Asks: 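The structure's right below; bear with me while I get my questions together.
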Amino acid sequence: MTTHTHHTAPTMFVEANGIRFAYRRFGTPGGTPPLVFHIHFTGTMDHWDPQVTDGFAREREVILFNNAGISSSSGEVPASIEAMADHAAAFIKALRLSQVDVLGFSLGGLVAQELALSYPTLVRRLVLVGTGPRSGEGMVTLTPEAQQIFGATYDPPDHLWLGVFFTQSEASQAAGRAFLKRFRRRTEGCDPDVNDKVAPAQLEALAKWGAPREDRFAYLQSLRQPTLVVNGDNDVIIYTINSYLLQQNIADAQLILYPDASHGSQYQYPDRFVRHVSMFLSEQLA
């Protein structure tokens with residue numbers, strides 16, 4: 001096992017597709033492929049919960065990275081999910097990895113789907129968290145709830161995440177405050193904030209993905225990897241019904257919904273999430 005953790009893993013760089021990708025790699029190399037994390041809208045490597053990443057790192061290798069144009073990676077953010085997936089594939093191949101497991105959260109879950117579809121031999125297992133299918137319910141634009149949450153002002157600014165990731169119940173907000181304490185513990189080698197070009201490009205990509213189309217879920221029939229879909233039972237950012245739609249249309253998919261939880265259910269129940277995902281990844285080895 002490496003001596004590094006979420007808080008201490010150095011930021012490294014690798015070049016591919018004309019992009020200098022920033023990444024952090026830590027955990028326990030071994031018989032299972034590394035678990036590559038794909039982050040949410042405007043997120044960076046620093047936006048993952050260390051209780052989640054370190055939880056996985058106890059048993060496997062974890063790779064966090066910034067895709068093209070995000071924070072410490074060079075280039076520009078593409079305005080399509082497909083191009084984001086191409087960059088992600090180039091990054092993985094640049095690390096000379098022949099196969100990985102993939103965890104995609106929110107926007108990262110869209111990229112993870114496209115990565116698994118376009119590069120099926122590269123992705124062994126798929127974990128889709130707080131995300132949805134093409135042309136999903138309420139996905140052509142930000143949901144009204146999301147527009148309200150992102151349009152408000154917060155003091156301190158990190159209180160935004162209490163609205164994005166957690167419900168308004170006392171228990172969920174308490175879990176949110178605990179998450180915020182973990183969230184900023186890394187104090188050295190932190191990622192710069194994303195620039196003002198990131199959100200518009202990602203919003204354009206989200207709009208293209210969510211646009212109405214015929215046979216909107218037929219593409220999921222081509223997704224053959226064993227898949228675990230995870231969400232809260234009341235996600236107001238990407239409505240929970242979309243997780244059900246994913247599970248119903250992917251041939252080999254399981255669904256877990258956590259109670260009294262919104263978009264960041266994995267941060268409300270980090271230990272449970274790590275346990276469930278680890279079970280899914282290991283039980284598929286047989």
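From a predicted model like this one, the values you see are computed outputs, not experimental measurements. We number each residue from 1, following the sequence as shown.
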Asks: I'd like to know whether the aromatic ring centres of H263 and F166 sit less than 6.0 Å apart in this structure.
Replies: no
Asks: Looking at side-chain heavy atoms only, is the closest gap between L97 and P33 below 4.5 Å?
Replies: no
Asks: Looking at residues at least two apart in the chain, or sitting in another chain, which of them share a ring-ring contact (aromatic ring centres under 6.0 Å, His included) with H40?
Replies: H47, F105, W161, F165
Asks: Considering residues at least two apart in sequence or located in another chain, which fulfil the side-chain hydrogen bond (donor to acceptor under 3.5 Å, both in side chains) criterion with N66?
Replies: S72, D191
Asks: Checking side chain to side chain contact (heavy atoms under 4.5 Å, CB included) against L126, which of L228, L223, D252 comes through?
Replies: L223
Asks: Please collect all ring-ring contact (aromatic ring centres under 6.0 Å, His included) contacts where either partner lies in residues 112-138, sequence neighbours excluded, each pair once.
Replies: none
Asks: Suppose we screen for ring-ring contact (aromatic ring centres under 6.0 Å, His included). Which residues come up paired with Y258, at least two apart in sequence or across chains?
Replies: Y269, H276
Asks: Sequence neighbours left out, what passes side-chain contact (heavy atoms from CB on, under 4.5 Å) with A178? Give chain and number order.
Replies: R182
Asks: Sequence neighbours left out, what pairs pass side-chain hydrogen bond (donor to acceptor under 3.5 Å, both in side chains) with at least one residue falling in residues 91-103?
Replies: R60-D101, D101-R124
Asks: Which residues pass the side-chain hydrogen bond (donor to acceptor under 3.5 Å, both in side chains) test with R184, sequence neighbours left out?
Replies: D158
Asks: Quick one: CD1 on I237 to CG on N242, what's the gap to the nearest 0.5 Å?
Replies: 12.5 Å
Asks: Applying salt bridge (Lys or Arg N to Asp or Glu O under 4.0 Å), which residue pairs with at least one partner in residues 209-231 are found, sequence neighbours left out?
Replies: E137-R216
Asks: Find the distance between CD1 (I256) and CG (D233) and round it off to the nearest 0.5 Å.
Replies: 13.5 Å
Asks: Might you confirm whether atom CG of N195 has over 12 heavy atoms from other residues, nucleotides or ligands at distances under 6.0 Å?
Replies: yes
Asks: Tell me every residue that passes side-chain hydrogen bond (donor to acceptor under 3.5 Å, both in side chains) with T167, counting only those two or more places apart in sequence or in another chain.
Replies: S169, S172, D260
Asks: Salt bridge or not for E283 and R125, using N-O below 4.0 Å?
Replies: no
Asks: Who passes side-chain contact (heavy atoms from CB on, under 4.5 Å) against Q147, sequence neighbours left out?
Replies: T141, L142
Asks: Go through the structure and list residues passing side-chain hydrogen bond (donor to acceptor under 3.5 Å, both in side chains) with S243, not counting sequence neighbours.
Replies: N231
Asks: With sequence neighbours left out, write down each residue that passes side-chain contact (heavy atoms from CB on, under 4.5 Å) with K208, or none if nothing qualifies.
Replies: A79, E204
